[in-house]
Amino acid sequence: MNRIIELLNSYNHALSLDELKDFLAISSSTDFKQLIKDINHLIDSHIIFEYDGKYDLTERENRYIGEVILKRNGKSYIYENDLAYEVINKFNLPLLNHDEVVYEKKNMKAYVLNILKHKLVYVVGLIRIRNNKIYFYPDEDNFPKGYKIVNSHEYKLRDKLKVRVYISDYEKKELRIERIIGHLYDTDVQEASLLYSYDIPMEFSRTALNEAESLEKTINISDYPSRHDLSEEMVITIDGDDAKDFDDAISVSKKDDKYLLKVHIADVSHYVTINSALDKEAYKRGTSIYYPDHVIPMLPFALSNGLCSLRPNEKRLAMTVEMEMDNRGEVLQYDIYESIVESKHRMTYAKVNKILAGDEGLIAEYSDIYEMLKEAYELSNILSNKRKEKGGIEFDSDECSFKIVNNEVVDVYIRERGKSERIIEDFMIEANVCVASHMHYLEYPMIYRNHDNPKEDRLDQFISFVENLSYHFKGNKKAIRAKQLADCLEHFKDTIYYPMVSNYCLRSMAKAKYDNIANGHYGLGLDYYCHFTSPIRRYPDLVVHRMLKEYVINHDKIGSEEKDSEKNASIAQKCNDRERTAVELERDLQDFYKCKYMQRHVGEIYEAVISSITNFGFYVKLENTVEGLVHIKTLDGFYELDEDGSLRSDTKAYAIGDIVKVKCKEVDMRRNNIDFILYQPRKRQKWI
């Protein structure tokens with residue numbers, strides 16, 4: 001294989017199979033078979049690629065690997081640092097959305113040479129039968145035309161069936177039906193369509209389930225002599241009312257002006273061992289996926305809701321981060337160790353918020369932890385202020401919740417973050433920082449959670465946005481620090497614009513990612529950060545636990561740093577992909593549930609704020625976070641997108657942040673779209 005690479009390097013251009021054969025002096029059939037095998041291996045490894053009947057190195061000057069993004073207008077782009085290169089498909093390759101490709105750049109054009117990987121495999125859509133002919137209409141708007149189903153005869157198809165197909169031949173544009181989801185108007189068929197379109201593993205393998213069921217069900221302290229026995233200490237969990245997997249617990253005490261915080265995390269790595277069936281299932285999923293009244297877990301319920309859940313009055317294995325802090329929130333000393341804990345109370349955010357607000361009945365009921373909760377709130381405030389002083393940005397995004405009764409969405413409302421939610425958030429961040437810093441200074445392999453500085457153009461857009469709301473940044477706008485963004489958010493804190501400003505600022509941020517190298521966390525203002533506190537639902541946290549055990553607690557992997565670091569890099573990349581998929585699916589499912597809610601409110605009038613503007617209209621957001629489009633065609637007069645980002649006619653302009661009255665015009669459940677029109681009350685006729 002090295003000879004092939006050296007040969008392509010020396011000629012600095014693509015070579016045909018015959019040329020490779022001649023230059024390498026291959027004469028026997030055995031050597032020729034080996035050449036084909038080596039070429040295929042190099043192609044699979046993305047070291048070389050084939051185009052126009054020849055082979056060339058993937059990495060050369062002015063040659064790049066990127067992801068193709070298809071737009072609804074039929075055009076395709078590759079994005080680099082927020083620059084958009086229009087795709088030129090000169091070899092007429094079967095390009096699909098999110099394909100990984102090799103391309104060359106020239107004059108803001110991306111000339112695609114070859115497809116390295118098709119990421120789109122499954123497509124969900126609607127079967128229509130007209131004049132005994134079968135037509136397939138994909139749910140994905142930017143799926144290219146010309147694809148045909150080739151195995152329709154294997155199914156008893158009827159009109160308006162939702163199906164999932166897989167692409168059996170990209171070159172020939174052939175699809176094969178993989179499953180019938182249901183009739184378009186069947187209950188829950190649209191929800192199922194969304195799930196199947198993302199190819200999310202819905203069921204665990206029988207091997208993994210058997211493995212989970214075979215694990216020990218009770219904890220005997222005598223079986224774990226090396227663990228710290230904390231089962232008699234006052235440990236509590238604080239979660240949402242409907243939570244079932246309790247992967248974190250806390251205990252807090254105060255002496256003089258010092259605090260002792262212990263964060264206890266379920267020891268999932270004790271049960272989910274490397275390369276086990278459970279481990280393979282968890283790695284494949286990467287994360288649990290949450291949506292209204294449902295969860296698609298990373299681990300079977302026997303673990304996530306059972307053995308690894310820190311349920312009250314049950315002994316559980318844990319990993320504990322113990323931190324002694326002063327009254328400024330600075331860590332004076334810490335320890336990280338394996339433990340056994342027993343939660344004394346399963347507290348909810350709602351109960352703790354009421355206790356901290358002075359609810360006398362609940363204070364009496366939970367008198368044994370009342371002082372601890374007050375001390376926890378004190379420490380939380382100290383830690384939050386410390387982060388703000390160091391430049392951490394506190395986003396209060398308007399996350400929504402749903403009230404569902406008998407499968408009907410009866411309400412959509414903003415989820416409030418009270419004192420208890422902030423306590424848990426602050427304590428988990430502190431534990432994550434402690435673990436990340438510890439592993440970094442010891443130079444042991446890790447998976448970190450990094451957050452890069454915002455891209456300049458996105459930050460420029462945010463600055464323009466808040467300037468339209470009469471807020472101005474001081475100093476050099478090209479070097480905005482995180483502290484300045486935090487001050488900006490604080491300025492809008494008690495205004496009607498705050499949710500929108502917070503969301504806009506959040507969208508201007510770079511995406512946080514996992515990596516085996518620590519590059520800091522801009523949003524939190526931290527040098528080192530990781531995810532350690534949710535191993536039940538996030539695979540990177542599980543890996544962090546393993547690294548801690550193998551290098552810090554057991555010391556049985558010393559000498560394997562380089563190998564494990566490379567492995568962690570690969571795991572981090574996989575987890576980034578799975579996280580992106582989960583976020584996109586959760587967002588789509590939320591939109592679906594909002595559409596279900598708005599179906600019952602077509603024709604109703606709302607006050608809304610303009611949240612974004614395009615050349616085809618503007619989007620409005622209701623107070624309950626429901627968002628929809630006011631199309632430019634429904635506006636009176638001729639409107640164009642202005643340089644300042646507003647939508648403007650000769651007499652009227654609409655800008656982000658404007659308050660408007662709208663009427664819900666239509667809900668498209670298949671596309672998850674809500675259309676609004678501006679509400680203009682009829683003028684009453686004056687009688688003379």
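Computed from a prediction, not measured in an experiment: that's the story for all the values here.
Between E421 and E425, the closest side-chain pair of non-hydrogen atoms is not below 4.5 Å. Between V263 and M323, the closest side-chain pair of non-hydrogen atoms falls below 4.5 Å. Under the 4.5 Å side-chain criterion, counting only non-hydrogen atoms from C-beta, F143 is not in contact with N97. A heavy-atom distance below 4.5 Å is not found between the side chains of H98 and L96. Put simply, the side chain of Y198 does not reach to within 4.5 Å of the side chain of L589, judged on heavy atoms. The shortest side-chain heavy-atom distance between E467 and H472 falls under the 4.5 Å cut-off. A heavy-atom distance below 4.5 Å is not found between the side chains of P540 and R449. No side-chain heavy atom of I656 sits under 4.5 Å from any side-chain heavy atom of N468.
Note that CE of M598 and CD of E627 are 12.0 Å apart. Values are rounded to the nearest 0.5 Å. Here the straight-line distance linking atom CD of E607 with atom CG of L622 works out to 10.5 Å at 0.5 Å rounding. Atom CG of residue L120 and atom OG of residue S197 lie 9.5 Å apart, to the nearest 0.5 angstrom. Taken from CG in D239 to CG in D245, the straight-line distance is 7.5 Å, to the nearest 0.5 Å. Taken to the nearest 0.5 Å, the CG atom of L641 stands 6.5 Å off from the CG atom of L647. The distance from the OG atom of S76 to the CD1 atom of I88 is 9.5 Å, given to the nearest 0.5 Å.
Checking side-chain atoms of H491 against main-chain N and O of L489 turns up no donor-acceptor pair under 3.5 Å. Counting only distance, with no hydrogens or angles, the side chain of T287 and the backbone of R537 share a donor-acceptor pair below 3.5 Å. Counting only distance, with no hydrogens or angles, the side chain of K652 and the backbone of D636 share no donor-acceptor pair below 3.5 Å. Side-chain N or O atoms of S437 include one that pairs as donor or acceptor with a backbone N or O of V433 at under 3.5 Å. No donor-acceptor pair under 3.5 Å is formed between the side chain of S646 and the backbone N or O of A655. Of the possible polar contacts, one joining the T614 side chain to the F616 backbone as a donor-acceptor pair under 3.5 Å is found. Under a 3.5 Å cut-off, the side chain of H601 and the backbone N or O of E604 do not form any donor-acceptor pair. No donor-acceptor pair closer than 3.5 Å links the side chain of D248 to the backbone N or O of I265. Side-chain N or O atoms of S464 include one that pairs as donor or acceptor with a backbone N or O of D460 at under 3.5 Å.
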**OP:** Starting from the C-alpha separation in whole Å, work towards a yes-or-no answer on salt bridge (charged side-chain N to carboxylate O under 4.0 Å, His left out) for E191 and K596.
**Re:** CA-CA 10 Å; E191 183 178 316; K596 283 186 73 172; 5.2 Å; no

Subject >> Test log, rule side chain to side chain contact (heavy atoms under 4.5 Å, CB included), inputs Y103 and V68 >> reply: CA-CA 10 Å; Y103 67 98; V68 171; over 6 Å; no

**OP:** Applying side chain to side chain donor-acceptor pair (under 3.5 Å), run through N327 and E378 and close with a yes or a no.
**Re:** CA-CA 9 Å; N327 57 10; E378 282 178 20; over 6 Å; no

**OP:** Might you work through the side chain to side chain contact (heavy atoms under 4.5 Å, CB included) test for L383 and M325, ending with a clear yes or no?
**Re:** CA-CA 10 Å; L383 294 174; M325 304 177 189; 3.8 Å; yes

**OP:** In sequence, state the C-alpha distance, the side-chain angles, and the governing distance for I536 and M298, and then conclude on side chain to side chain contact (heavy atoms under 4.5 Å, CB included).
**Re:** CA-CA 7 Å; I536 284 178; M298 186 181 80; over 6 Å; no

**OP:** Evaluate the side chain to side chain contact (heavy atoms under 4.5 Å, CB included) criterion for residues Q461 and Y504: first the C-alpha distance (whole Å), next the side-chain angles of each, then the deciding distance (0.1 Å), finally the verdict.
**Re:** CA-CA 9 Å; Q461 291 172 6; Y504 207 118; 4.1 Å; yes

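By the neighbour-count criterion of 12 heavy atoms within 6.0 Å, atom NZ of K105 is densely surrounded, having more than that number from other residues, nucleotides or ligands. For E416, the CD atom sits in a loose shell: 12 or fewer heavy atoms of surrounding residues, nucleotides or ligands are nearer than 6.0 Å. Within a 6.0 Å sphere centred on NZ of K661, other residues, nucleotides and ligands contribute 12 heavy atoms or fewer. A 6.0 Å sphere centred on CG of D257 holds more than 12 heavy atoms belonging to other residues, nucleotides or ligands. Other residues, nucleotides and ligands place more than 12 heavy atoms under 6.0 Å from the NZ atom of K388.
The shortest heavy-atom contact between A510 and R458 is CA-NH1, 4.5 Å. Scanning both residues, N519 and N450, for their nearest heavy atoms gives N-OD1, 2.9 Å. Minimum heavy-atom separation, A582 to I289: CB-CG1, 3.8 Å. The two residues V409 and F402 come nearest to each other via the heavy atoms CG1-CD2, 3.9 Å. Between E86 and Y77 the shortest heavy-atom distance is CA-CD2, 3.6 Å. Across all non-hydrogen atoms, the minimal contact from T348 to G240 is CG2-O, 4.5 Å.
Side-chain rings of F492 and Y498 stay apart, their centers remaining 6.0 Å or farther from each other. Taking the ring centroids of Y639 and Y654, they lie under the 6.0 Å cut-off.
The side-chain hydrogen bond (donor to acceptor under 3.5 Å, both in side chains) test with K594 singles out one residue from T625, N624, N672, and that residue is T625. Residue D426 is tested with K386, R417, K419, R387 for a salt bridge (charged side-chain N to carboxylate O under 4.0 Å, His left out); the sole match is R387.
Ion pairing between a basic and an acidic side chain is recognised when a charged N comes within 4.0 Å of a carboxylate O; D487 and K483 show such pairing. Looking at E389 and R328, no side-chain N of the basic residue comes within less than 4.0 Å of a carboxylate O on the acidic one, giving no salt bridge.
With sequence neighbours excluded, the residues forming a side chain to side chain contact (heavy atoms under 4.5 Å, CB included) with S401 are Y413, R415, listed by chain and number.
Side-chain N/O atoms of Y529 and N432 include a donor and acceptor closer than 3.5 Å.
The aromatic rings of Y593 and Y291 sit tilted relative to each other, their planes meeting at an angle between 30° and 60°. Note: F465 and F462 have tilted aromatic rings, judged against thresholds of 30 and 60 degrees for the angle between ring planes. The aromatic rings of F676 and Y606 lie perpendicular to each other, with more than 60° between the two planes, well past the 30° mark.
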